Protein chains: 2
Amino acid sequence: MSTPMSTGPDLAAILRVATTRTMRQLRAVGAHRITLTQLSAMASINLAGELTLGELAARERVQPPSMTRVITTLYDHGLVSRKSDPSDGRQVLVSLTEDGRKILQEEAQTREAWLAEKIGTLSEEEKQTLMRASDILLRLIGE
Amino acid sequence: MSTPMSTGPDLAAILRVATTRTMRQLRAVGAHRITLTQLSAMASINLAGELTLGELAARERVQPPSMTRVITTLYDHGLVSRKSDPSDGRQVLVSLTEDGRKILQEEAQTREAWLAEKIGTLSEEEKQTLMRASDILLRLIGE
DNA sequence: TATTGTTATACTCTATAACTATA
DNA sequence: TATAGTTATAGAGTATAACAATA
């Protein structure tokens, strides 16, 4: 009979600490043309190709007004395009411009460079643990 | 010969997404008496017992002025105490008050409740994967 | 009426630069 | 002079409430 090693509360606590510190590091590292929040939104748009602002807000786990602000800034910089959904004029369809795709590619790489470098020092088994953990986490919080 | 399954860049990208979404969820969930940033600082103080503001800032991965602000707010609410280090008057030693310890315990629990609940649905193996991943992450970013 | 997104507003989080106090 | 922390200031990130446009 094996004793459970990881209880919910303890694991939740260490996950919170690991998440907070990783996030602060991700925000702080390097000098960039776009912020981490913008990068994250752009990556989601790129993955979907085209999607409504509401759907994007849901995927990014922010409220619609917050996403409106992010998209407005990206639009002003020419990185995303907006258009009314022809079949429902209330909805706004968002996609990346060509510039947006280029910037995303470059910035994602430099933004994640420090992490990728550290990851390079890990064993294959450790990398797979992180990959599996990411999948579990994303499923846990609803995709 | 086995092909490496997880390359640095891909893993860095999925880790970024998982971290960002988990963080937003942690911030958004529930109604609280203290913010997530305050909870995080208080947990670090509690772990150390007593430590300098600079050391706390380093552990929390923020700059000293940011930590000064957090501590000032907590001090105003009576949750931490500050005193000059008797052997070096420049340094400020921070610790939790009795109220602080009580609030920390209660808030940590409710703050992490949604996560702990979701964790409860995981298999023992999945929980251990998350636990190992947290350890790897914390080591990766320097403790 | 209900839904989608925007505007107005405000608070949290964090940083850099300049300053004060102590060593 | 060098170090620890604070003050001043500003920008990023996010939310709620109220509104406008469309369905």
Side-chain angles (χ1 to χ4, degrees), chain A residues 19-42 44 51-77 80-94 107 111, chain B residues 16 19-42 44 50-77 80-94 107 111:
Chain A
T19 302
T20 302
R21 291 190 184 169
T22 303
M23 199 66 189
R24 285 185 179 147
Q25 201 79 34
L26 274 169
R27 273 196 204 289
V29 148
H32 308 283
R33 284 174 291 180
I34 56 176
T35 68
L36 187 61
T37 297
Q38 289 164 357
L39 172 67
S40 185
M42 286 175 72
S44 285
L51 78 177
T52 67
L53 188 139
E55 178 57 29
L56 178 57
R59 292 194 191 178
E60 288 288 307
R61 264 77 182 170
V62 296
Q63 294 302 309
S66 303
M67 191 49 70
T68 292
R69 168 173 291 202
V70 174
I71 292 300
T72 298
T73 304
L74 291 174
Y75 180 81
D76 289 346
H77 287 73
V80 304
S81 60
R82 312 192 237 205
K83 65 169 195 182
S84 285
D85 185 329
S87 71
D88 182 347
R90 293 170 305 180
Q91 301 192 139
V92 173
L93 291 169
V94 183
E107 292 298 307
R111 179 67 81 167
Chain B
R16 174 182 58 68
T19 302
T20 302
R21 291 191 184 168
T22 303
M23 198 65 190
R24 284 185 180 146
Q25 200 80 34
L26 275 169
R27 274 198 203 285
V29 148
H32 309 281
R33 285 173 291 178
I34 56 175
T35 68
L36 187 59
T37 296
Q38 289 162 359
L39 172 67
S40 185
M42 288 176 72
S44 285
E50 182 177 67
L51 78 177
T52 66
L53 188 139
E55 178 56 30
L56 178 58
R59 292 194 191 180
E60 287 288 308
R61 265 77 184 169
V62 297
Q63 294 302 309
S66 303
M67 190 49 70
T68 292
R69 166 169 292 198
V70 174
I71 292 300
T72 298
T73 305
L74 291 174
Y75 180 80
D76 290 346
H77 287 72
V80 304
S81 60
R82 308 193 238 205
K83 66 168 192 183
S84 286
D85 184 329
S87 71
D88 182 347
R90 293 170 304 180
Q91 299 193 141
V92 173
L93 291 168
V94 183
E107 291 298 307
R111 179 67 81 167

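Hydrogens, waters and symmetry mates are skipped; everything else that's a heavy atom, side chains included, is used. Per chain, numbering begins at 1; letters A, B, ... match sequence-line order. Remember, predicted model here, so these are calculated numbers, not experimental data.
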Measure the distance from [atom1] on [X] to [atom2] on [N] and round it to the nearest whole Å.
{"X": "B/Ile71", "N": "D/dT6", "atom1": "CD1", "atom2": "P", "answer": "9 Å"}
{"X": "B/Arg61", "N": "C/dA15", "atom1": "CZ", "atom2": "C1'", "answer": "17 Å"}
{"X": "A/Arg33", "N": "D/dA12", "atom1": "CZ", "atom2": "P", "answer": "16 Å"}
{"X": "B/Tyr75", "N": "D/dT6", "atom1": "OH", "atom2": "C1'", "answer": "15 Å"}
{"X": "B/Arg24", "N": "C/dC13", "atom1": "CZ", "atom2": "P", "answer": "15 Å"}
{"X": "B/Gln38", "N": "C/dC13", "atom1": "CD", "atom2": "C1'", "answer": "11 Å"}
{"X": "B/Arg90", "N": "C/dC19", "atom1": "CZ", "atom2": "C1'", "answer": "16 Å"}
{"X": "A/Lys83", "N": "D/dT22", "atom1": "NZ", "atom2": "C1'", "answer": "18 Å"}

Is it true that a side-chain atom of [X] and a backbone atom of [Y] form a donor plus acceptor pair closer than 3.5 Å?
{"X": "A/Gln38", "Y": "A/Thr35", "result": "yes"}
{"X": "B/Arg111", "Y": "B/Ile34", "result": "yes"}
{"X": "B/Ser40", "Y": "B/Leu36", "result": "no"}

message = Between B/Thr52 and D/dA4, is there a contact of a side-chain N or O with OP1 or OP2 at under 4.0 Å?
response = no
message = Tell me whether the side-chain N/O atoms of B/Arg82 come closer than 4.0 Å to OP1 or OP2 in D/dT6.
response = yes
message = Run B/Gln91 and B/Thr52 through side chain to side chain donor-acceptor pair (under 3.5 Å) and show every step you take.
response = CA-CA 6 Å; B/Gln91 299 193 141; B/Thr52 66; 5.1 Å; no
Closest listed nucleotide, where the reference is the side chain of [X] and the choices are [options]:
{"X": "A/Ser66", "options": "D/dT9, D/dG5, D/dT14", "value": "D/dT14"}
{"X": "B/Thr37", "options": "C/dC13, C/dT6, D/dT14", "value": "C/dC13"}
{"X": "B/Thr68", "options": "C/dT4, D/dT14, D/dT6", "value": "D/dT6"}
{"X": "B/Gln63", "options": "C/dA15, D/dA23, D/dT14", "value": "C/dA15"}
{"X": "A/Pro65", "options": "D/dT9, D/dG5, C/dA8", "value": "C/dA8"}

query = Does any N or O donor sit under 3.5 Å from an N or O acceptor when you compare the side chain of A/Arg69 with the base of D/dT14?
reply = yes
ask   = Taking atom CG of B/Leu56 and atom CG of B/Leu93, what is their separation to the nearest 0.5 Å?
value = 11.5 Å
message = Can you work out whether A/Asp85 or A/Thr35 has the more 5'-proximal nearest nucleotide on DNA chain D?
response = A/Thr35
query = If each of A/Leu53 and A/Arg27 is mapped to the nucleotide of DNA chain C with the nearest heavy atom, which maps nearer the 5' terminus, i.e. the 5' end?
reply = A/Leu53
